[in-house]
Visitor: 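The structure is given below, and queries will be raised subsequently.
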Amino acid sequence: MTTINQFCRLFFSAICVFGILTLSGCSGGSQAVSTETDEIEQYLEDHPELKEPKPEVDNSVLTGE
């Protein structure tokens, strides 16, 4: 009986420690960095197929109409 109680305490403690570490790890996330417009323009120049929407794409999904 004592072994089961020790196991339960150890398991509960491990869950608590894991939860605290998970929450503290998520709170210190990196700041968002904006991308320079020049980088976006350069990417689109390198990938011209992405400049215009494809004809098979339903634009109402994008506009909400």
Side-chain angles (χ1 to χ4, degrees):
M1 187 74 168
T2 311
T3 307
I4 294 174
N5 287 338
Q6 289 175 344
F7 176 76
C8 289
R9 285 183 189 165
L10 179 65
F11 183 73
F12 181 72
S13 298
I15 295 293
C16 290
V17 169
F18 179 74
I20 291 170
L21 291 176
T22 302
L23 291 176
S24 64
C26 293
S27 63
S30 61
Q31 298 294 326
V33 178
S34 63
T35 304
E36 295 291 326
T37 305
D38 295 336
E39 292 179 20
I40 296 171
E41 290 173 357
Q42 181 63 42
Y43 185 81
L44 289 175
E45 287 177 13
D46 294 342
H47 301 89
E49 70 277 4
L50 299 175
K51 285 184 178 181
E52 297 296 325
K54 305 261 186 258
E56 62 271 6
V57 175
D58 184 11
N59 288 335
S60 65
V61 174
L62 302 174
T63 59
E65 295 176 357

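Side chains included, hydrogens not; waters and symmetry mates left out as well; all remaining heavy atoms used.
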Visitor: Can D38 and Q42 be said to form a side chain to side chain donor-acceptor pair (under 3.5 Å), step by step?
Guide: CA-CA 6 Å; D38 295 336; Q42 181 63 42; over 6 Å; no

Visitor: Picking from N5, L10, I4, what satisfies side chain to side chain contact (heavy atoms under 4.5 Å, CB included) with C8?
Guide: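 Testing each of N5, L10, I4 against C8, the sole residue satisfying side chain to side chain contact (heavy atoms under 4.5 Å, CB included) is I4.
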
Visitor: With clusters defined by side-chain heavy atoms of hydrophobic residues (ILVMFWY) lying less than 4.5 Å apart, directly or transitively, does I40 cluster with L50?
Guide: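 Looking at the clustering, I40 is in the same group as L50.
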
